[in-house]
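Data first, discussion second: the structure below is written as structure tokens.
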Amino acid sequence: MTELINIQFMVSQIVPIPQYSTVSLPASAWLLESLLLLTFWIHMLFVSMIAGSALVLFTRSCLIPGNKLTLGIIDKKMIRALPPVLSLTITTGIAPLLFVQTLYGHYSYSSNIFLGYFWLGSLVLLLAGFICLYLAGWLWNWKISLPALTALPLVFLSIAYIYTNNAILTIQPEHWLEFHRDQSWLHVNDAITIPRFMHNISYWLLAGGVFLSWTAYFSRSSDQTNGTNSNTTIKGGLTFCALGFIAMITTGIWYFGALPAEFRNWLGQFEMHNSLTDSSPGLRYIWLALPGLGLLLTISGLLKPQNRSVLIAISTLGGLLMAIMVLFRELIRRWYLSREIAGSFSIENWPVASQNSVIIVLLISFVLALTLIAIMTGLILKNRQLRY
């Protein structure tokens, strides 16, 4: 206990937590938090799609010889759709970043400063990702595509690792002293860092498998072998989905076990307080049970790869799992920042000075942006007339 007090004193003296009460929120905290969760959920769907597809394509490039033209065409369709998906990934990341800065800016901005070069370096990595996508997708020369597809997973894994450490450093200011003294440059030496990073990757496998399966499904009409290779590729995509569900379960147990016991107790009380009935399942059980259901759906899909309903069910379940993950991350952030060492912060403590006209313009723009993103995504998914 004495050591904890000493750490808190050193953090407050050397790396003080900035004050937040001098600025008022333009709207109620619950509204801004809801918009944060919604926009971050949309962003993470695109993140998982682009990063998961990179992992899937790299694996297939290592397993499938370049002279298998029909299989190569399916991969080519998939990778040619990825540059606009990466653009949407970056675009949809702006809104949650702004909402985080609004609600938790005095923590997240400090974390960004501590990571410094690595945070700015993620922009360089994104540019490298664009270049690799175009090299692999449009040239499609195996001597060029294979190195590009090898670099893509490394690029996205590096970005994910930077952002994971940034998120953990944001909610744990007790680690700021290590960065202030240059004892750490990027890695936050905490029990949840690696399991959280690995748990994020498990969603990538699912999203990449879903993307590959849908690409193969829509390629059946142009398949010169009556859908044989398309069905084989759909099975390959569903195999990645199965690996993703298994990884979700294992890394989810690892991640949840690495969280402090105090958080697990707090989560139990939170679930009881917000349950509709005494027998309502807790968030933690839903978080682990849904991947098991997804694994069963994937097995049934492997038996009938041409069954569109199974692909729809797996895609829907993946979106639901992502929503639960986003909610769970917010609960983790709330608990960590509510600790005394983190300043006992709660977003409900923010003073509010309502600016109704600004919020109305924001909501109108938000609805229009979602509509445009939905239209653009639909055009990407329905584009079957690519020329090779």
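In what follows, every heavy atom counts, from backbone to side chain, and hydrogens, waters and symmetry copies are set aside. Numbering of residues begins at 1 and proceeds along the displayed sequence.
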Nearest 0.5 angstrom please: Ser365 OG to Ile360 CD1, how far? 11.5 Å
Distance col, row Thr59:OG1 vs Leu212:CG, nearest 0.5 angstrom, shows 10.5 Å
ILVMFWY cluster, Leu363 and Leu38 together (side-chain gap under 4.5 Å): yes
Looking at Glu33 and Arg333, does any basic side-chain N land under 4.0 Å from a carboxylate oxygen? no
If Ile, Leu, Val, Met, Phe, Trp and Tyr residues are connected whenever their side-chain heavy atoms lie under 4.5 Å apart, and connections chain through other members, are Phe366 and Phe99 in the same group? yes
Gap separating the CG atom of Leu337 from the OG1 atom of Thr170, nearest 0.5 angstrom: 8.5 Å
Report yes if some heavy atom in the side chain of Ile201 is under 4.5 Å from a heavy atom in the side chain of Leu157; otherwise report no. yes
Indicate the atoms forming the closest heavy-atom contact of Ala247 with Thr250, along with that distance. O-OG1, 3.1 Å
Mind telling me whether Tyr255 and His199 have parallel, tilted or perpendicular rings, with 30° and 60° as the class edges? tilted
Please report the shortest heavy-atom distance between Ser28 and Val352, naming the atom on each side. N-CG1, 4.1 Å
Residues Glu348, Arg334; criterion side chain to side chain contact (heavy atoms under 4.5 Å, CB included); working and verdict: CA-CA 11 Å; Glu348 282 81 9; Arg334 277 197 167 210; 3.0 Å; yes
Close side-chain approach of Pro195 and Thr251, heavy atoms under 4.5 Å: no
Would you be so kind as to tabulate the donor-acceptor pairs closer than 3.5 Å made by side chains of residues 43-50, with sequence neighbours excluded?
from: His43; atom 1: ND1; to: Thr89; atom 2: O; distance (Å): 2.9
from: His43; atom 1: ND1; to: Thr92; atom 2: OG1; distance (Å): 3.4
from: His43; atom 1: ND1; to: Gly93; atom 2: N; distance (Å): 3.3
from: Ser48; atom 1: OG; to: Met44; atom 2: O; distance (Å): 3.0

Is it true that Glu174 and Arg339 have a side-chain N and a carboxylate O under 4.0 angstrom from each other? yes
Before you tell me yes or no, could you show the steps for Leu115 and Trp185 under side chain to side chain contact (heavy atoms under 4.5 Å, CB included), namely the whole-Å CA-CA distance, both residues' side-chain angles and the distance that decides it to 0.1 Å? CA-CA 7 Å; Leu115 290 179; Trp185 289 84; over 6 Å; no
Between Leu86 and Gly129, what is the shortest heavy-atom contact and its length? CD2-C, 4.2 Å
Please give me the minimum heavy-atom distance between Ser213 and Ile234, naming the atom from each residue. OG-O, 3.4 Å
Report yes if the distance between the aromatic ring centroids of Trp176 and Phe179 is under 6.0 Å, otherwise no. no
Ignoring hydrogens, what is the shortest heavy-atom contact between Val310 and Gly301? Give both atom names and the distance. CG1-CA, 3.7 Å
May I ask whether Tyr109 and Leu123 are part of the same hydrophobic cluster, defined by side-chain heavy atoms of I, L, V, M, F, W, Y residues being less than 4.5 angstrom apart, directly or through others? no
Spatial distance of atom CG (Leu154) from atom CG (Leu55) [nearest 0.5 Å]: 9.5 Å
Indicate whether the side chain of Asp190 and that of His175 have a donor and an acceptor atom separated by less than 3.5 Å. yes
Which heavy atom of Tyr336 sits nearest a heavy atom of Ile171, and at what distance? CB-O, 3.5 Å
Does the side chain of Leu331 come within less than 4.5 Å of Trp266's, by heavy atoms? yes
Using side-chain heavy atoms (C-beta onward) and a distance below 4.5 Å, is Leu206 in contact with Phe240? no
Expected output: side-chain Trp41 to main-chain Leu327 donor-acceptor under 3.5 Å: no
Just by distance, with hydrogens left out, do Tyr163 and Ser122 show a side-chain donor and acceptor under 3.5 Å apart? yes
In this structure, CD1 of Ile131 is separated from CG of Leu127 (nearest 0.5 Å) by 4.5 Å
Are the side chains of Leu98 and Leu36 in touch, meaning some heavy atoms are under 4.5 Å apart? no
Once you measure the plane-to-plane angle for Tyr134 and Phe130, does it fall in the parallel (<30°), tilted (30-60°) or perpendicular (>60°) bin? parallel
How are the rings of His187 and Tyr161 set relative to one another: parallel (under 30°), tilted (30 to 60°) or perpendicular (over 60°)? parallel
Evaluate Thr164 against Asn200 for side chain to side chain contact (heavy atoms under 4.5 Å, CB included), listing each step before the verdict. CA-CA 9 Å; Thr164 298; Asn200 290 336; 3.7 Å; yes
For Trp119 and Ser111, test the side chains for any donor-to-acceptor distance below 3.5 angstrom and give the result as yes or no. no
Same apolar cluster (I L V M F W Y, side chains within < 4.5 Å links), Ile314/Leu320: yes
With side chain to side chain contact (heavy atoms under 4.5 Å, CB included) as the criterion, how do Leu152 and Leu57 come out once you've worked through the C-alpha distance, each side chain's angles and the decisive distance to 0.1 Å? CA-CA 9 Å; Leu152 270 177; Leu57 286 167; 5.8 Å; no
Between Phe345 and Tyr107, is the gap from one ring center to the other below 6.0 Å? yes
Leu259 side chain near Trp335 side chain, heavy-atom distance below 4.5 Å: no
Can you tell me how far CD1 of Ile249 sits from CG of Leu290, rounded to the nearest 0.5 angstrom? 10.0 Å
Are any of the side-chain heavy atoms of Arg196 and Val188 separated by less than 4.5 Å? no
Would you say that Ile375 contacts Thr371 through its side chain, given a criterion of any heavy-atom pair below 4.5 Å between the two side chains? yes
Side-chain heavy atoms nearer than 4.5 Å, only ILVMFWY residues, links allowed to pass through others: does that put Leu186 and Leu120 together? yes
Compute the ring centroids of Trp204 and Phe156, then answer whether they are less than 6.0 Å apart. no
